[in-house]
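Take a look at the structure below.
In what follows, every heavy atom counts, from backbone to side chain, and hydrogens, waters and symmetry copies are set aside. Owing to the predicted nature of the structure, the values given are computational and were not obtained by experimental measurement.
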Amino acid sequence: MNIDPRPLYTRATEQIAALVATVRPEQLAGPTPCAEFNVRTLLSHIAGGTRRIAVVGAGGDGMAVRPFLDGVEDDRWSAAYDEVRTEVQKSWADDARLDALVTVPWGEAPGRIALSGYVMEAVTHTWDLSESLGRPLALDPELAEFALGIARRVLPDERRDDEELPFDSAVPAPEGADTYGRLAAYLGRRPLS
């Protein structure tokens, strides 16, 4: 895989930012397809994971970064997310970072592979957030196709019994599911309704 995932990651973060901007305070305690997260916790994880990949891109120890962003006031999620996604753009600006070996939660990989994995994570959490908010915006199908391809490549087995994996075993996609729905099902997620 010799692609430059930065443009896709940027598009994925723009899409998340648009969704985050729609979140109303009364939705923050609402459920998400990630049973252990409410909307506030999901936002914290999205922003924390984004900060982690920014640190990785800058050559730092991403594993030392907690994958949650704490202390964000309810009306500051949009601004907080914009700050961390700007960090990512800066930290991955040097082309050499794409071939540098980096450490991410699933091991050591070239930067381009690591960032591709974070595209998958960002797009998956986009679906989670969109479902939680009642699907307020149309989502970019090309991003979902890329993320599904990455998911199938790095998680080829439909049964995922490893407790370390943050994804459940694949479930059947709902009939007529779009690419986001197929991605979510492949990663063991079910729609809220």
Side-chain angles (χ1 to χ4, degrees), residues 1-21 34 42-72 76-130 139-157 160 162 164-167 179-180 182-184 186-187:
M1 179 183 203
N2 197 26
I3 66 150
D4 181 349
R6 293 175 296 187
L8 289 167
Y9 190 81
T10 297
R11 283 173 45 201
T13 64
E14 289 168 351
Q15 183 168 254
I16 291 171
L19 267 175
V20 172
C34 303
L42 178 59
L43 291 171
S44 174
H45 179 61
I46 290 169
T50 304
R51 170 151 295 143
R52 178 180 269 181
I53 197 62
V55 169
V56 168
D61 180 6
M63 298 306 293
V65 176
R66 187 169 181 272
F68 292 89
L69 189 61
D70 298 319
V72 177
R76 295 254 323 128
W77 283 111
S78 191
Y81 184 69
D82 282 341
E83 289 169 18
V84 294
R85 73 188 187 105
T86 299
E87 288 178 33
V88 173
Q89 291 173 349
K90 290 176 184 174
S91 69
W92 286 91
D94 183 352
D95 290 347
R97 296 304 301 153
L98 295 176
D99 296 314
L101 285 180
V102 300
T103 302
V104 288
W106 58 90
E108 192 174 72
R112 72 181 67 247
I113 302 298
L115 192 55
S116 293
Y118 274 84
V119 171
M120 180 189 80
E121 179 173 340
V123 172
T124 301
H125 287 317
T126 298
W127 181 85
D128 294 332
L129 185 57
S130 180
L139 301 179
D140 183 337
E142 186 179 348
L143 291 173
E145 286 290 342
F146 179 81
L148 183 57
I150 295 295
R152 287 183 173 148
R153 187 175 192 169
V154 300
L155 297 165
D157 298 323
R160 299 182 194 108
D162 184 347
E164 295 293 315
L165 285 176
F167 306 107
T179 309
Y180 279 89
R182 292 193 310 275
L183 171 65
Y186 190 77
L187 298 176

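Y81 has its side chain within reach of T13: a pair of non-hydrogen atoms, C-beta onward, lies under 4.5 Å apart. Side-chain contact between V123 and F146 is absent, with no heavy atoms from C-beta onward closer than 4.5 Å. Under the 4.5 Å side-chain criterion, counting only non-hydrogen atoms from C-beta, D61 is not in contact with V55. Residues V56 and W92 meet the side-chain proximity criterion, which asks for heavy atoms closer than 4.5 Å. Taking the side chain as every heavy atom from C-beta outward, Y9 and L143 never approach each other to under 4.5 Å. Side-chain atoms of P110 and L98, non-hydrogen and from C-beta on, never get closer than 4.5 Å to each other. Looking at heavy atoms from C-beta onward, L183 lies out of side-chain contact with W127 at the 4.5 angstrom threshold. Put simply, the side chain of L43 reaches to within 4.5 Å of the side chain of L129, judged on heavy atoms.
Under a 3.5 Å cut-off, the side chain of H125 and the backbone N or O of L42 do not form any donor-acceptor pair. S130 contributes no side-chain N or O that, together with a main-chain N or O of T126, makes up a donor-acceptor pair within less than 3.5 Å. In this structure, the side chain of T179 does not engage the main chain of P141 through any donor-acceptor pair within 3.5 Å.
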Please lay out, stage by stage, how L139 and L19 fare under the test side-chain contact (heavy atoms from CB on, under 4.5 Å). CA-CA 10 Å; L139 301 179; L19 267 175; 4.3 Å; yes
Go through it in stages, so that I can follow the logic: the residues are D140 and Y180, the test is side-chain contact (heavy atoms from CB on, under 4.5 Å), and I'd like the CA-CA distance, side-chain angles, deciding distance and then a yes or no. CA-CA 9 Å; D140 183 337; Y180 279 89; 4.2 Å; yes
Could you go step by step and tell me if E142 and R11 meet the side-chain contact (heavy atoms from CB on, under 4.5 Å) rule? CA-CA 10 Å; E142 186 179 348; R11 283 173 45 201; 3.3 Å; yes
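Rounding to the nearest 0.5 Å places CZ of R66 at 10.5 Å from NE2 of H45. We find the CZ-CG distance between R152 and L148 to be 4.0 Å, quoted to the nearest 0.5 Å.
A salt bridge is absent between E83 and R51; no separation between the charged side-chain nitrogens and carboxylate oxygens falls under 4.0 Å. Salt bridge status for D4 with R112: absent, with no side-chain N to carboxylate O gap under 4.0 Å. For the pair D95 and R6, the salt-bridge criterion is met [side-chain N within less than 4.0 Å of a carboxylate O].
Of all the heavy atoms in I150 and G117, the pair that sits closest is CG2-CA, 4.4 Å. In plain terms, the two heavy atoms of P67 and R52 that are nearest each other are CD-NH2, 3.5 Å. Across all non-hydrogen atoms, the minimal contact from S91 to A54 is OG-O, 2.9 Å. Here the closest heavy-atom approach between residue R85 and residue D82 is recorded as NE-OD1, 2.9 Å.
In this structure R182 satisfies the salt bridge (charged side-chain N to carboxylate O under 4.0 Å, His left out) test together with E145, sequence neighbours excluded. Under the rule for a side-chain hydrogen bond (donor to acceptor under 3.5 Å, both in side chains), R97 has no partner lying at least two apart in sequence or in another chain.
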Just distance, no hydrogens or angles: give the donor-acceptor pairs under 3.5 Å from side chains in residues 100-109, sequence neighbours left out.
none

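Partner I53 forms a side-chain contact (heavy atoms from CB on, under 4.5 Å) with one of V119, V84, L115, V65 and no other, that one being L115.
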